[in-house]
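To start, the structure itself, in structure tokens.
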Amino acid sequence: QVQVVESGGGLVQPGGSLRLSCATSGFPLDHYVIGWFRQVPGKEREGVSCTNSIRDSTYYDDSVKGRFTISRDNAKTTVHLQMNSLKPEDTSVYFCAAGLQTTTVQAMCYPSKMNFWGKGTPVTVSS
């Protein structure tokens with residue numbers, strides 16, 4: 001059974017940090033791109049950061065470059081998103097997703113390319 005489960009969201013002050021985690025199971029992760037996406041009401045879901053199974057390639061949206069870091073654990077079944085220097089505009093529901101890799105990691109980092117989704121975890125950046 002495929003499972004993608006996010007955790008780690010919450011309320012943080014501007015300038016603070018949060019670490020999101022995504023636990024996966026039920027599919028062969030080696031051939032999948034794992035990504036973090038976010039969505040606010042009334043807007044389309046957008047790609048934040050993606051990585052492939054051997055971590056030879058990562059992608060970050062310009063809005064989070066230098067502040068967010070995506071990583072995978074040694075067993076490669078859990079993906080983390082370390083979010084530093086958080087801004088109010090980072091407030092969103094963050095989703096983890098996996099897509100069978102068919103092109104570059106950057107080109108994969110779109111909702112339409114993902115096959116499996118988690119239910120999301122909310123992040124609120126506010127004083």
Show every side-chain hydrogen bond (donor to acceptor under 3.5 Å, both in side chains) that has at least one partner inside residues 59-69, sequence neighbours left out.
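side-chain hydrogen bond (donor to acceptor under 3.5 Å, both in side chains) check on residues 59-69 returns Arg38-Ser63, Asp61-Ser63, Asp62-Lys65, Arg67-Asp90.
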
Is there a side-chain contact between [X] and [Y] in this structure, where contact means two heavy atoms from C-beta onward sitting under 4.5 Å apart?
X	Y	result
Val2	Ser25	no
Val48	Phe68	yes
Ile70	Val79	yes
Cys96	Phe37	no
Leu11	Ser126	yes
Thr78	Cys22	no
Met83	Leu20	yes
Pro111	Arg45	yes

Distance only, no hydrogens: is a donor on one side chain within 3.5 Å (strictly under) of an acceptor on the other, for Ser17 and Asn84?
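There is such a pair (donor and acceptor under 3.5 Å, judged by atom type) between the side chains of Ser17 and Asn84.
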
Rounded to the nearest 0.5 Å, how far apart are [atom1] of [X] and [atom2] of [Y]?
X	Y	atom1	atom2	result
His80	Thr51	NE2	OG1	12.0 Å
Met108	Thr103	CE	OG1	8.0 Å
Leu81	Ile34	CG	CD1	13.0 Å

Can any side-chain N or O of Thr91 pair as donor or acceptor with the backbone N or O of Val125 at less than 3.5 Å?
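Looks like yes, one N/O pair under 3.5 Å.
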
Please confirm whether the backbone N or O of Pro41 pairs with a side-chain atom of Gln39, one donor and one acceptor, at under 3.5 Å?
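Checked: no pair found.
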
Looking only at heavy atoms, which two atoms of Gly35 and Cys50 are closest? And how far apart?
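Closest approach of Gly35 to Cys50, heavy atoms only: CA-SG, 3.5 Å.
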
Which ring-ring contact (aromatic ring centres under 6.0 Å, His included) pairs, counting each pair once, include a residue from residues 90-110, with sequence neighbours left out?
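For residues 90-110: none.
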
For residues 113-124, dump all side-chain donor-acceptor pairs below 3.5 Å to protein atoms at least two apart in sequence or in another chain.
{"from": "Asn115", "atom 1": "OD1", "to": "Leu100", "atom 2": "N", "distance (Å)": "2.8"}
{"from": "Thr121", "atom 1": "OG1", "to": "Gly9", "atom 2": "N", "distance (Å)": "3.2"}

Taking CD in Glu89 as the centre, count heavy atoms belonging to other residues, nucleotides or ligands within less than 6.0 Å. Is the count above 12?
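Above 12, so yes.
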
Please step through side-chain contact (heavy atoms from CB on, under 4.5 Å) for the pair Val93 and Val40, ending with a clear verdict.
CA-CA 6 Å; Val93 178; Val40 296; over 6 Å; no

Report the C-alpha separation of Gln82 and Arg19 in whole Å, then their side-chain angles, then the decisive distance to 0.1 Å, and conclude whether the side-chain contact (heavy atoms from CB on, under 4.5 Å) test is met.
CA-CA 4 Å; Gln82 178 66 42; Arg19 189 185 194 217; 3.5 Å; yes

